[in-house]
Structures are given as C-alpha cells and as structure tokens.
Amino acid sequence: MTSSMQHWARTLADTWGIEAELSPLPGEFDLNFLATARDGQRVVLKVMRPGCGTEFVDLLTAAHLHIGRHDSTVPAPRVLPTRAGEPWCACPDADGESRLAWVLAGLDGTTWATVRPRALALITELGGDIARLDQALAGFAHPGLARDLKWDLRHVDWVGSQCRDIADPARRTIVQRILAHATELRPALMRQPMAPIHNDLNDHNILVATDEDGARRITGLIDFGDIIAGPVVAELAITGAYLVLDHPAPERALAALVAGYHAVSPLNEAQADLVWPLLLLRLAVSVTNSAMMQKARPDDPYVVVSEAPAWRFLERAHALPDALMAARLRVACGLPASEAATRVAQWLDQARGSFAPVLGTSLDAAPTGALSVVASVTPRDPFRMTAEEAQDVGAAFAPGTTWLGLYGEPRLIYTDAAFRLGPHRGSDRRTVHLGIDVFMPAGTAVCAPLDGVVEIVEYRDRHLDYGGMVILAHTTPAGDRFRTLYGHLTRESVARLAPGQRVARGDAFAALGAPGENGGWAPHLHLQLALITDGVGHDWPGVADPDDADLWRSICPNPAALLNLPDAHVAYRPLDTGTIREMRRAHFATNLRLSYDEPCLFVRGWRTHLFDEWGRPYLDAYNNVPHVGHAHPRLQAVASDQLLRLNSNTRYLHPAQVEFAEALLAKMPPHLTHVFFVNSGSEANELALRLARTRTGGKDMIVADHGYHGNTTGAIDLSAYKFNRPGGGGAPEWVQIVPVADTYRGAHRGTDAAERYAGAVDTALERIRARGGRLAGFIAETFPSVAGQVIPPAGYLNAVYARIRAAGGVCIADEVQTGLGRLGEYYWGFEQQAARPDIVVLGKPLGNGHPLGAVVTTAEVAHAFDNGIEFFSTFGGSTLSCRVGTEVLRIVDDEGLQQNARVTGDRLLAGLRHLQSRHELIGDVRGIGLFIGVDLVTDRATRTPATRAADQVKNRLREERILIGTEGPADNVLKIRPPLTVEPDDVDHLLETLDRVLGEARAQTGTRREGGTP
Ligand SMILES: Cc1ncc(COP(=O)(O)O)c(C=O)c1O
C-alpha cells in the first residue's frame, strides 16, 4: 500500500472499525478504495475531492439509506455508518486537509460493460431492478436534488449552440434533428411526474455476477453522483441509451428493458412513447459533450474512441420511424400499438359482416389450407422455392377451389434473400405471415371492403414478390385512420390506379394476377391490415421475424373482419410445445435426455439444416446420422417406392438384399466377404461379440477406455463410457480395459506413443490369463468419439491387432462413427491406420436415419458362426432397409460427399486452428475430414479441461442456432460432425459464430472474480 493508502486504511480502522487492505478503484475526481478485511468482508471507501460540499455527500448517503429502508432487494450498495453512527464524516487526509469520506458495502460482480452476451432475459431483469430502484426513490426528498446538471434531459438547450463543435455536418444535422424533435416533445416531458432518479445507469454503473453454472444476475446499481429530481421515464431512456450501443439487437434489447420495468412499475402510453426520443436525446447530449471535450482536448484520442459506439448507433437509428419504435415499446408493455389501434380494432369487429365482399363473393364456406412449416412440405428445399412450387401452391389439397391461407402462420415459402436477416444461408429469416390469402382464379375482381383512398400503388416484379400491390387508406366513423394492403394483382390493375384516387365500398378496383404478373404465385390475394399509418411506409413486411412477431401482429392484426370471417377461422394455431414437454415428462423416463438447456423442437430438415416450429433455421454441425443430409429426396423416393411394393425379411430371396451386400462389400477390403444386416449399432456390436466368441471359443474381451458400443446388455458390458460412469456398475469380470490412445491428454504423447499404448494390451492379456479366462477379441471405435474425438497415433491399431491375433483373438472395428467417407481422405477409419479388422461394425449413417446396422466379416468368422443355431433378425435386412442402405452408399458416391468431407472438413479444421490462435480456451483442435474435436482448456500448460466453458459454448451456439455437442471424459471437447452435405458458407457461419461465442467465454472467465466497484 502507498502511504496515502496506509493513511486511509488507518482512517477506516479508526472511524469505521474496519481493519482492511486497500486497493485503488477508478474515480474521476474522488478517491475510491476497495477495502478487503481479514474476514473477507469487502467495502468501498469513498474519499471526496477536496472542497466537495457536505450537501452533496449528505444527498448521496441519504439516498442510499433511503433505498435500503424502502426496499432492501434493490441491488444498490448499503451505506456503512461510522462507529459514531454517522453516514459520513470529515477526516483529514495525509496532508492534514479535511476530506469528506463515507463507506459502502462491497458488491459482487463485474460491470455491464464487460458482459457478453447481453441476453434479453438479463436486460428484462435489469428493467425490473431499475423500476424497483425508482419506486424506492420515489418518496426520497433532499434539498440537494434540485440542482442544475447538463445531463438533465429537460434542460438541454445548450446542445443547440454547442453542437457547432461537431465537425461533421451530417452528424451535426442528426443532433439538430433529434433536438428539434425533443423540443416538440418538451411539453409532454414537462407534464411527466417528477421524482428522484439515478440519472446515469450507464454500463459502468451496473454490476452483474455470474454463478458457477454461468447463470447471471444483476448485483449492483451504483454511483448515484448524477442523482436529480427528474421525469421518471428519463431513467429508462438513459439506461436504454447505453444498453443499445453495439447490442446485436438494439431495438429488442430496449423493448426487453422497458418490458422488465413495466412489469414492476407500469408505464402508460405517454411514458412508453417518450422513451425512444429521450434515448436519442441522451445520446445527442453525449456526443455533443464529447465534441466539446474534443475541442478542448484535441490530442486526447480517448474522447473519439468513447463516442464511436454512440455515433455508430445514431447514424443508423435516428432515422427509425418514431411511430414504429413507440409501437414496439408499447407492445413490450402489453399496450395497444397506437392510440387509435384499439378503437379501430373494435370498430372492425363491430362492422364484421357488413363489409363489401372483397372477392365479390362470400368466403364463409371456403376451406383453409396449411402452408405452415409444421404441416406443409412446400417448398421441398426450404432455401429455394421454385417457380413450379410457387405456381402450384395448394394444388395438392385444393385444386381449382377457393381456399384461405392462414394469418400468423410460419412458412418456409419465403426463400428470397430479402427475407433473410443475416449474411448466411442459415441466418434467421422472416417466416410469419401477417395477412390472409384468398386463393381464387386469376382475373377475379378485387373490391374495396369499405371506402378508401389509394395511398400507394406499385408493381413489384421480383420472383415471390407481390406483382401488383395497392394500399388503401381508410377512416373509421370516429375519424381513426388505418390501411389495407392488396397484393398479387394484375399489372393492369396498378396501371389504372393512382395515389389519391377514391375507391368506394364495393368498387372492383383491381383483379388477381396470374403467375406471370403476381410474383410467380398460384393466383391469390394477400390481404393485410395495418393500424399504424406512420412509420410503416411503402414496405410493410408481409411476413415477420418470428422473434419479432408480437410487434407485427399488433401493428398488422388479423384482417378476417374485412372478409366478414371470424378471426379464429383463419388464425394459425401454433404447435403446443408446452403440452409436448409435459407429456414427455409424464410418459418417458427422465434419463431419456434432451439436448441443450433450452431444448429444440424440429419439424423439418434439409441437407445440413433443421427448422423449428416457427421456421427458424439451425445449422446442424452435430448429427452424423443424416450422413447424406436431412430429408434427402432420393431416400424419400426409394423408401416410398419400396413401401408401395413390399417390405419383407431375409427368409425370402430378394435382389435388394444381395445388391446392398455387394454395394457394401465393394467398399471393404477384399478379405471381408460376408455381411449381416441388423437394425442398430448396438445390435451390430451384440452380434460382433457373438461372432468373436463362436470363432474363438473364448469369452473375454479387451476394450478401449471411455468407449461406447451401444445400449443393449452386451454392448453396455463393452462400453466403459457407460459401465464406468455413475450408476454403471463397473466392468464385468470378462472385460479388460486398455487406455484410449489419446496423444493430447493420455499418458503417452511422444513419437513412441502408438507402441506404448498398444503395450497396454500385453498387460490386459496377462490379467485374462491370471483369471483363467480365454480371449475372444478386441473392440474399439476406430477413432474414439465419446472419449473426445480422438485420433490415435499412426500404427496403433496394427500394433494392437498383432498382439490380439497372437493371443488367438478376433479384432473388431466399430466404425459406427467414422465410416462411409466422413473422414474425407478415407472411406473407413481403419484405412487411416492401415489395419485389417476381422469384423467391422456399422450403424448410424448407413440408413441416414432409417434404423440400419451391419456387421461385415471374413468368411472364416461367418462360417464359424453357423454352429447350428439359426441367425435371424426380423427387421434386419428388410427389403426397405436394403434399398435405403444401397441408396445411401450410392448418394455418397454420386454427390462426391467423401470428397466434400475432405475439402470442407479441411476448411473447417483450418478455421478452427485459426480460432485456436485467437482464443486461449482452445487447447487442441483435432480431427480428420468431418470428424472433429475442439478440446477446451482453462490452462494450455496444464491442459485442465474447461468443462463449464464447453457447456456454455455449446448452449450459446444453440441460442445462435448452431448445433454442436460436447464429449470426452471431462465433457470439455466440442464435438463437430455435420452431415457430409455441409457447405463452405455453413463452415464460415459456424466459425464466425464460434469466434464470437469464444470471445464472450473469455470475457466471462477473465472477469468473473473481480470485485464490485461502486
Ligand atoms: C461407436 C458407436 N457404436 C455403437 C453405437 C450404438 O448404435 P445405436 O445407437 O444405433 O444402437 C453408437 C451410438 O452412438 C456408437 O457411437
């Protein structure tokens, strides 16, 4: 401690009775010390700048004491009184000058500035905490509250003159515009109730703690130095102003904050509407202040750096329509989107039944048709709606009849890049339909349901756009305005119309276009209603992002009334995911686990992507079963063709059985000539065990540690990954374990590692001899997967096999994870080891999801097995399975998927190695082709597994809609093994997202143990 610190440590001991070590904390003008007592208690000693008035310190300490008395759950620090019971005192500093000092209890956590990701749920919690803070402050009175602060949003006239210091004229204009708008709003602001507010909850004044499981909570609202009596809504706007900066979804973040606040301390419409303009105003004040400072201190680069995020935000956001932002914040509070919205909705409801028929006829009897991601398989490729598919929408279920497409329905038919919300194929996209479709023949007249005026008329000729589109403006008898949109009209309809033109109720103002002029669709009307007239402009979204759908549903509600239909008739009923979860809990054992903290529900798949019930795409970098991609059309065709004909078993002859056998054997080395078809990897291993035992007459097996071979009784006995885990019961006496040949974590890492690991087989054989057993064989996953995606050193398998064979055993290669081209350079894992197994076990990818396993072996082993007992597997080798299996093998070849595994796998591995150079957390990147492991460590030197970080990374990636797993004895290895259809764009998507998520993990581990700094 410096002598000044020693002085203040003595003062703390003498005046507060706290013996502690001091360390300095940041502070602009005052001295702040973190004091840690011997018992671990942490407090903050605040020594005010020389000359600081007593009123100010009294204000701050009184505010803290008041908050604590009013609501002790508000995460504001407690004031610790002096021994004499005073909240603060005047004490001499080391030079004898009098300073005002006070003490606060220390808080856990790190500042919001360091928190990544800034999850919406945490922001909502913050909103609630701020509401409770404001409620607690509401009854606080102190003469010091009435002060002039340039940060008081009611008195910002100074910005008008000072913004001349902003050098860039475009930026100056932004500030001037915000200021002009704020001036208009001033009367509304001045009408707001006044109360004490913190007034500066920026991201250094909010503390967040992370618990052992990575869960976060707000632990501190600190530094009340700017407290004033102001409009309470300014508190939210000011906090929001910092929260939105560099947030990936700023508008949603703000809505989450407002929602959290409103849930505790309800806001009215006027308050919700003020938040956004006040937020912009706070940022305008901030950048103007920076410009002044920059002028005063032109050589200080910090000023420019610190204002950059505010400019980045303002340049984008100042132009966002006020009405739309107000609607967003109102909806976040559960309020109607606009003043008029409720009245218009009520009027439409009352007038239902009295509107002129929009398509000239009653739609009461028209059926509805589903285009939802749940119910429909259009488009076949969710990334590409073909012209034929668009023209044929509904042709399958409603040929030639009038039918209705649902409001609020999530659909995959919007495949144009314009619907995408990010740069990648698998980026989020807009899916939720905001209108009703009426499918009728081209040329059908479109009539106005009520009087209106043409506001916008356009022809949009892009594939899957509207073609002809008209927006009519209407006024209710009470004088409220709303609009209706009609899409997919003829080119001629829009040529005839002009903005300003009046259209009377029942007037046929347009006609339904044919596919050649309506965006390419089966002829239909898209009818949409909008209750907000400002801010939506020409470009109403016809389809909303599912994560933003609440907002858009309240701006563009169900227009059924205009068609004289009940809302419910045309409203999409979402899948009831809550009930599905409940039923699962009721009927399934809890060890049937779900992946991820927030489980996924998928209803469609395509190649390397999966889609949830709202049509959100997920990049599947985890599942190796859909080897040739999800929902492969050739497999669907083959399966349905075979099901049309026959699905029988191996007791009868069929060409499909031998075709499959030949196709499989053609991929095997020539010494493997016989196959058995079964239904799963487990069944295949079970059979392999029997084969080894009948061949050798032995019972004992040698297995690799942490191996997994299936869930059946025999397969579990071979799986150290199961029997050596809690509840597993340990190894059977006939099983000997050898260590997994892991050169990163295992005992042997040098050039002789292969021989040393293989040497463990000698000891295992010794143990078998010692117990009087007889060897049946050795089994291992060729590249151990659950052991952490391990690639054994070259020569390992041969060295093991030589020992096993010398002892009379049979060598089994479990290729369930590694076979069929996944390794890129090699079709099978044992090829990489130049080894010749006696038995090869296949499963997972062989049927691409159809239950299919196989055992491939030598003639000797197969013949030895025929000891009199018939071998029969009812479904193994069914006609259907054989057709599917053959087709999978052909697709791998026809589509060059093995080659893709090599090229795209190399791209992924190179990218991961680059990430390793950027992130200390990555200890090792290993893999071949698309069999990849990323070993996370807390310390590269000790290779300590970063288990918790791996779990967090996996779950964060899932939030970002990328699926990977974790594996390894310590569950710290990221397991990446996508379908072989993965493309370079998918790899880039994964790498970019992983880079960001690893950055967050670093921020988190790097700051977890920091103390709070009021
Ligand atoms: C290496 C290995 N062998 C066997 C099996 C068991 O296969 P199944 O689940 O099809 O019974 C698995 C399953 O994960 C596996 O990874």
Side-chain angles (χ1 to χ4, degrees), residues 1-39 41-69 76-107 137 140-152 196-200 202 204-205 207 220-229 293 296-297 1011-1014:
M1 283 201 287
T2 62
S3 64
S4 159
M5 273 195 270
Q6 275 166 1
H7 169 82
W8 289 114
R10 262 195 313 280
T11 305
L12 188 63
D14 295 346
T15 313
W16 277 270
I18 301 170
E19 301 269 356
E21 281 274 318
L22 262 50
S23 56
L25 288 173
E28 208 176 345
F29 305 110
D30 309 320
L31 293 175
N32 292 323
F33 300 105
L34 177 65
T36 309
R38 248 172 252 124
D39 63 359
Q41 183 200 6
R42 289 178 316 145
V43 303
V44 175
L45 170 66
K46 298 184 73 80
V47 179
M48 306 308 277
R49 70 209 78 162
C52 171
T54 55
E55 188 176 59
F56 183 55
V57 179
D58 198 63
L59 167 67
L60 297 186
T61 50
H64 281 92
L65 289 166
H66 178 91
I67 294 164
R69 272 196 303 273
R78 271 178 315 119
V79 170
L80 302 182
T82 62
R83 285 165 126 172
E86 298 300 332
W88 55 272
C89 72
C91 329
D93 66 14
D95 300 327
E97 193 175 352
S98 176
R99 302 281 285 258
L100 302 180
W102 51 302
V103 171
L104 287 168
L107 296 172
L137 282 173
F140 175 58
H142 193 282
L145 283 170
R147 27 187 206 135
D148 282 341
L149 270 190
K150 68 177 172 187
W151 298 103
D152 182 345
I197 55 173
H198 180 289
N199 202 33
D200 190 23
N202 67 48
H204 296 282
N205 289 342
L207 300 181
L221 303 174
I222 59 174
D223 190 353
F224 284 66
D226 282 349
I227 187 171
I228 54 165
M293 282 162 60
R297 306 201 307 254
T1013 57

Report summary line: Residues passing the side-chain hydrogen bond (donor to acceptor under 3.5 Å, both in side chains) test with Arg83, sequence neighbours excluded, are none
Report task. Taking salt bridge (charged side-chain N to carboxylate O under 4.0 Å, His left out) as the test, write out the residues that go with Asp14, two or more places apart. Result -> none
Query - Residues which pass side-chain hydrogen bond (donor to acceptor under 3.5 Å, both in side chains) with Asp200, listed by chain and number, not counting sequence neighbours - result: Asn202, Arg282
Query raised in the report: Counting only N and O atoms by type, is there a donor-acceptor contact under 3.5 Å from the side chain of His198 to the main-chain atoms of Asp223?
Result: yes
Query raised in the report: Between His142 and Asp58, does any side-chain donor sit less than 3.5 Å from a side-chain acceptor?
Result: yes
**Report entry** Polar side-chain atom of Arg42 near backbone of Leu107 as donor-acceptor pair, under 3.5 Å
**Finding:** yes
Query raised in the report: Would one find more than 12 heavy atoms of other residues, nucleotides or ligands at under 6.0 Å from atom CG of Asp39?
Result: yes
Requested in this report: Name all residues meeting the side-chain hydrogen bond (donor to acceptor under 3.5 Å, both in side chains) criterion together with Trp16; count only those two or more places apart in sequence or in a different chain, and write none if there are none.
Outcome: none
Query raised in the report: Looking at side-chain heavy atoms only, is the closest gap between Pro92 and Glu97 below 4.5 Å?
Result: no
Report summary line: Across all chains, not counting sequence neighbours, the side-chain hydrogen bond (donor to acceptor under 3.5 Å, both in side chains) partners of Asn199 are none
Query raised in the report: Looking at residues at least two apart in the chain, or sitting in another chain, which of them share a salt bridge (charged side-chain N to carboxylate O under 4.0 Å, His left out) with Arg147?
Result: none
Query raised in the report: Can you list the steps and then say if Phe56 with Thr61 is a side-chain contact (heavy atoms from CB on, under 4.5 Å)?
Result: CA-CA 9 Å; Phe56 183 55; Thr61 50; over 6 Å; no
